[in-house]
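Keep in mind that what you see is a predicted model, and the values were worked out from it rather than measured. For the numbers below, each heavy atom of this structure counts, side chains included, while hydrogens, waters and symmetry mates do not.
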Amino acid sequence: MILASEWFTEIAETFEKCFIRDDRYKLLLSGIGVTVKVSVLAAIMGLIIGFLIALCNLSKKKPLNVIGKIYTDVIRGTPSVTQLMIIYFVVFKTVDWPKWIIAAIAFSINSGAYVSEIIRAGILSIDKGQTEAGRSLGLSKGQTMVSIIVPQAVKNIFPAMCNEFITLIKETAIVGYVGLVDIQKAGDFIKSATYEAFMPLIATAIIYFVIIKVLTLLLGNLEKRLRKSDNR
């Protein structure tokens, strides 16, 4: 009992030292905000980029097809941390924008390559008869794509898109390389200030787990609703 009491006392003291003293918990709260902002903006822009690149990869026009394939190969073939530093320290070196926006742009470019492959596979999964039916009704290629193909493809690719968004959130843990204080960097600051590694790292892991778990449940419910609409 004495040993257990001493252990709990030590844990409580370490917790107070890491998070309560000097209001260090505010670093984590601020880090959560940075992670969410970067992830959401990157996901939105990545979806737009991915859709455009998917259309390039599906295009019968050789220049567009080449652009799409080069983009996909280069982005998927290089580390995301390298891309982040190139975007921040080279491409946007002289641009006076908030760091989190530049970081979001870098992650959107990275995510766009993977999203494009998901969308491309989703569009190709739709039976060609759907396209022929749309054209027989007098719709143009663009109208057929927007009105018939894309709505069906969205339901097919939704699970993969959810996984990509979750992966994107975890990948943002490298934004500390460009001076942003996200969840991971906040944990590192606390670790450096207190010389305690266990508590800050565990807290960081728990925060990421909770965010991703909540997001997984929300997206799972949304997917069930989409599936129910298919069964009606």
### Query
Which atom pair, heavy atoms only, marks the closest approach of N110 to Y114?
O-CD1, 3.2 Å

### Task
Determine, stepwise, if the pair V178 / I102 fulfils side-chain contact (heavy atoms from CB on, under 4.5 Å).
CA-CA 10 Å; V178 295; I102 298 175; over 6 Å; no

### Query
Between F15 and F19, does the ring centroid distance fall short of 6.0 Å?
yes

### Task
Over all heavy atoms of both residues, which pair between V115 and G50 is shortest? Give the atoms and the distance, please.
CG1-CA, 3.9 Å

### Message
Between the side chains of K26 and D23, is the shortest nitrogen-to-carboxylate-oxygen separation below 4.0 Å, so that they form an ion pair?
### Response
yes

### Query
Are K191 and F189 in a cation-pi setup, meaning NZ or CZ lies under 6.0 angstrom from the ring centre and within 45 degrees of the ring axis?
no

### Query
Atom OG in S116, atom CG in L47: separation rounded to 0.5 Å?
11.0 Å

### Query
If you measure from the Lys or Arg side-chain nitrogens to the Asp or Glu carboxylate oxygens, is any gap between E117 and R76 under 4.0 Å?
yes

### Query
Closest approach of G179 and K99, non-hydrogen atoms and distance?
O-NZ, 3.9 Å

### Query
Can any side-chain N or O of S125 pair as donor or acceptor with the backbone N or O of G122 at less than 3.5 Å?
yes

### Query
Can you check whether G31's main-chain N or O pairs, donor with acceptor, with K185's side chain at less than 3.5 Å?
no

#### Entry: Heavy-atom pair of closest approach, residues E223 and P159
OE2-CG, 3.2 Å

### Query
If you take all heavy atoms of A103 and L84, which pair is closest and at what distance?
CA-CD1, 4.0 Å

### Task
Working to the nearest 0.5 Å, report the span between CD1 of I183 and OG1 of T35.
3.5 Å

Output side-chain donor-acceptor pairs under 3.5 Å for residues 64-74, partner residues at least two apart or in another chain, one line each.
{"residue": "N65", "atom": "OD1", "partner": "K69", "partner atom": "NZ", "Å": "3.4"}
{"residue": "N65", "atom": "ND2", "partner": "N57", "partner atom": "O", "Å": "2.8"}
{"residue": "N65", "atom": "ND2", "partner": "S59", "partner atom": "O", "Å": "3.3"}
{"residue": "Y71", "atom": "OH", "partner": "I109", "partner atom": "O", "Å": "2.5"}
{"residue": "T72", "atom": "OG1", "partner": "G68", "partner atom": "O", "Å": "2.8"}

### Task
Search all heavy atoms of M199 against all heavy atoms of C18 and return the closest pair with its distance.
CB-SG, 3.9 Å

### Task
Working to the nearest 0.5 Å, report the span between CD1 of I44 and CD1 of I49.
12.0 Å

### Task
Look up atom CE in M85 and atom CD1 in I174, then write down how far apart they are to the nearest 0.5 Å.
8.0 Å

### Query
How many angstroms lie between SG in C56 and CZ in F51, if you round to the nearest 0.5 Å?
10.5 Å

### Query
Judged by modelled atom types alone, do Q83 and T78 share a side-chain donor-acceptor pair under 3.5 Å?
yes

